[in-house]
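Here's the structure we're looking at; comments come further down.
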Amino acid sequence: MALPHHIAIVMDGNGRWAGARGEPRTAGHRAGLEPVRMVIRECAALRIDALTLFAFSSENWRRPEAEVATLMSLFMDALDREVAELHANRVRLRIIGNRQRLAVRLQTRIAEAEALTAANDGLRLQVAVSYGGRWDVVEAAKRLAAAAASGALRAGDIDEERFARELQLHALPDHDLFIRTGGDHRVSNFLLWNIAYAELFFTDVLWPDFNAAELQLALEDFAGRERRFG
Ligand code: FPP
């Protein structure tokens, strides 16, 4: 079966999953950790090169303060609890997004986790936190403009390949499979540039219910697609 090289996942539906059980939205986010572990495990076992998870968007800062705080402490706890095991499984972890907006404590923990796992040769795992696809493109454009203004780069040398190197995922292959759970058929400002040719897979399954069998369905669907780049 033809497997994707790089999978992107929008993990949607935590709030609705919790609501259906009469629980607060934050219970859904907590339950969402198990499928996160599952997809990392499965992708590593299948030797998929890279996985990028959308954990918190630039727009998510507008959610109620208490929900944002819960999500942030969930990220902190997940880093504390899971990094040793990721490292043992040779996963290389990177956080993409505007990390200056995160608490300094969290920034420090992220930097430590990235440094610890940087030399690993297994699954490349990107977790997007405070990330937006447009933000990513604008930041890349600013860096190139600054390089051009300083004379370090000629504007005429900027092409798609040079531009892509300034993006958060610079060295990684583009995504070839984009999965979104939770029933909406939207990209929601995730990885705009990198998903230019990705196959899109949408499922109504809410993220906390996304299991290995559901991932398998997405992979089988991908294997059946005729990939075209023009
Ligand atoms: C979207 O569901 C989900 C989020 C905004 C948070 C995703 C976070 C996790 C799955 C937890 C941990 C992740 C890591 C990587 C440690 P929603 O709240 O928009 O749900 P709704 O559409 O039902 O309201």
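Each ligand, and each atom within it, is numbered from 1 in the order the structure gives.
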> Can a salt bridge be assigned to the pair Arg154 and Asp157 using a cut-off of 4.0 Å between side-chain N and carboxylate O?
Replying inline: yes
> Using 4.0 Å as the upper bound for N to carboxylate O, is an ion pair formed by Arg124 and Asp49?
Replying inline: no
>> If the cut-off is 4.0 Å to any non-hydrogen atom of Ala78, which atoms of ligand 1 fall inside it?
In response: 16 (C)
> Do NZ/NE/NH1/NH2 and the carboxylate oxygens of Glu85 and Arg81 come within less than 4.0 Å?
Replying inline: no
>> Please list, in number order, the atoms of ligand 1 under 4.0 Å from a heavy atom of Arg63.
In response: 5 (C), 17 (P), 18 (O), 19 (O)
>> Under a 4.0 angstrom heavy-atom cut-off, which atoms of ligand 1 come close to Val127?
In response: 15 (C)
>> Salt bridge check, Asp12 against Arg180: does any charged N sit closer than 4.0 Å to a carboxylate O?
In response: yes
>> When you measure from the side chain of Asn89 to the backbone of Val91, do you find a donor-acceptor pair of N or O atoms at a distance under 3.5 Å?
In response: no
>> I'd like to check which ligand 1 atoms, numbered from 1 as shown, lie under 4.0 Å from a non-hydrogen atom of Trp207.
In response: 10 (C)
> At their closest point, which heavy atom of Ile9 faces which heavy atom of Trp207, and how far apart are they?
Replying inline: CG2-CZ3, 3.7 Å
> What is the closest protein heavy atom to atom 20 (O) of ligand 1, and at what distance does it sit?
Replying inline: Gly15 N, 3.0 Å
>> Show the atoms of ligand 1 that are less than 4.0 angstrom away from any heavy atom in Met11.
In response: 1 (C), 2 (O), 3 (C), 10 (C)
> In terms of residue, atom name and distance, what is the protein heavy atom nearest to atom 9 (C) of ligand 1?
Replying inline: Asn14 ND2, 3.9 Å
> Within the distance-only criterion (no hydrogens, no angle test), does the side chain of Thr117 pair as donor or acceptor with the backbone N or O of Asn120 below 3.5 angstrom?
Replying inline: no
> In terms of atom number and element, which parts of ligand 1 are under 4.0 angstrom from non-hydrogen atoms of Asp12?
Replying inline: 1 (C), 2 (O), 17 (P), 19 (O), 20 (O), 21 (P), 22 (O)
>> Quick check on contacts: which atoms of ligand 1 are under 4.0 angstrom from a heavy atom of Arg16?
In response: 21 (P), 22 (O), 23 (O)
>> Give me the nearest non-hydrogen protein atom to atom 4 (C) of ligand 1 as residue plus atom name, then the distance to 0.1 Å.
In response: His29 CE1, 3.8 Å
>> Tell me the closest heavy-atom pair linking Leu123 and Cys43, and the distance in Å.
In response: CD1-CB, 4.0 Å
> Quick one: does ligand 1 sit under 4.0 Å from the side chain of Arg25, the backbone, both or neither, non-hydrogen atoms only?
Replying inline: side chain
> At what distance is the nearest protein heavy atom to atom 12 (C) of ligand 1, and which residue and atom is it?
Replying inline: Leu33 CD2, 3.9 Å
>> I want to check a possible cation-pi pair here: Arg63 against Trp61, using under 6.0 Å from ring centre and within 45° of the ring axis as the test.
In response: no
> Counting from 1, what ligand 1 atoms have a heavy atom of Asn60 closer than 4.0 Å?
Replying inline: 5 (C)
> Which heavy atom of the protein is the closest neighbour of atom 6 (C) of ligand 1, given with residue, atom name and distance?
Replying inline: Ala55 O, 3.3 Å
